[in-house]
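Input: a single structure, listed below in structure tokens.
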Amino acid sequence: MTITFTEPNQQDRWENRYAKGATGWDRGESSPALDRWLPQMPVPPARVLIPACGRGYEVITLCQQGFTVTAVDFAPSAIAALNLELKKRQAQATVVQSDLLAWEPPQPFDVIYEQTALCALEPTLWPEYADRLCNWLVPGGMLLGLFIQTNRAGGPPWHCALDSLETLFGSDKWVWPEQKDQTIGHPSGLKELALVLKRRD
Ligand SMILES: C[S@@+](CC[C@H](N)C(=O)[O-])C[C@H]1O[C@@H](n2cnc3c(N)ncnc32)[C@H](O)[C@@H]1O
């Protein structure tokens, strides 16, 4: 999956992808990675953030499990699709249309489910975004991360190499798992590196 942008700003670019139905990243359902992680998450109604939620299938899964969910994306079509689905299912979540690099939550979260959000951002923005993820979590909070592996230059999606992630989420601020090579298939045919990091106290 290579996403080629011709439009002037990032928000318009992503919105146009939704408008054209050019959403090769979209699973059409909640990721099986989330099902695997549910047993290790804090008990509901723990507060969960999904940044760059897209159409937000995982928002629905987490609401159905009783979590208190906040979802953020700046593409109006993605937000509208998620709001419609929540209404259909009579589920409740806080859905915010905003740029993640300009948004601040009123309270930190127990868990962040980060699915192909980092890879959507220009790598020059990664250090700022990683700081934000850390600040958005309570001490001891969990970052459930799915990081796309393209093994090529350019993006989006930008390749999230393990060594870049280790630098970005340094062990001074994050507890890393022993196993760092677990992957899961992505609808694009690529793989996502699946990592659970814990924010240090
Ligand atoms: C590859 S899609 C992934 C969507 C969703 N996580 C999924 O897996 O289906 C990237 C998403 O990031 C959103 N996005 C990109 N940059 C953003 C930003 N700076 N602030 C908020 N949303 C952003 C796009 O609108 C798009 O929905």
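Atoms within a ligand are numbered from 1 in the order they appear, just like the ligands themselves.
- Taking any N or O of A120, backbone or side chain, none lies under 3.5 Å from an N or O belonging to ligand 1.
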| task | Using the ring pair (Phe, Tyr, Trp, His ring centres under 6.0 Å) rule, take Y18 and W25 through it: C-alpha gap first, then chi angles, then the decisive distance, then the call. | result | CA-CA 11 Å; Y18 283 103; W25 63 82; 5.4 Å; yes

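- Within the structure, ligand 1 lacks Q10 among the residues with a heavy atom less than 4.0 angstrom away.
- Atom OG1 of residue T70 and atom CG of residue L62 lie 11.0 Å apart, to the nearest 0.5 angstrom.
- Distances between N or O atoms of L100 and those of ligand 1 include at least one value under 3.5 Å.
- Distance alone, capped at 3.5 Å, is enough to place a donor-acceptor pair between the R199 side chain and the C134 backbone.
- Residue contacts with ligand 1: C53 is included, with a non-hydrogen atom under 4.0 Å away.
- Geometrically, ligand 1 and D99 share a nitrogen or oxygen pair separated by less than 3.5 Å.
- Closest heavy-atom approach to atom 25 (O) of ligand 1 within the set L118, L125, I50, D73: this belongs to D73.
- Between R13 and E122, none of the side-chain N atoms (NZ, or NE/NH1/NH2) sits under 4.0 Å from a carboxylate O, so this pair counts as no salt bridge.
- When the options W103, Y129, Y18, Y57 are ranked by their closest heavy atom to atom 26 (C) of ligand 1, first place goes to Y18.
- Annotation: the span from F74 atom CZ to D12 atom CG amounts to 9.0 Å, rounded to 0.5 Å.
- The closest approach between a heavy atom of S98 and any atom of ligand 1 is below 4.0 Å.
- Every atom of ligand 1 is numbered from 1 in the order shown, and the set under 4.0 Å from a heavy atom of W14 is 1 (C), 2 (S), 10 (C), 15 (C), 24 (C), 25 (O), 26 (C).
- Residue F74 touches ligand 1 through backbone and side chain together, judged by heavy-atom distances below 4.0 Å.
- Inter-residue side-chain proximity for L197 and L165 is flagged as unmet; no heavy-atom pair is nearer than 4.5 Å.
- A salt bridge is defined here as a Lys NZ or Arg NE, NH1 or NH2 lying under 4.0 Å from an Asp or Glu carboxylate O, and R17 with D26 fails to meet this definition.
- Under the 3.5 Å distance criterion, with hydrogens and angles disregarded, a donor-acceptor pair is assigned to the side chains of D181 and Q179.
- Atom 4 (C) of ligand 1 has its nearest heavy-atom neighbour, among P76, G56, S31, A52, in A52.
- Taking any N or O of A78, backbone or side chain, none lies under 3.5 Å from an N or O belonging to ligand 1.
- Residue contacts with ligand 1, taken as heavy atom pairs separated by less than 4.0 Å, do not involve T23 at all.
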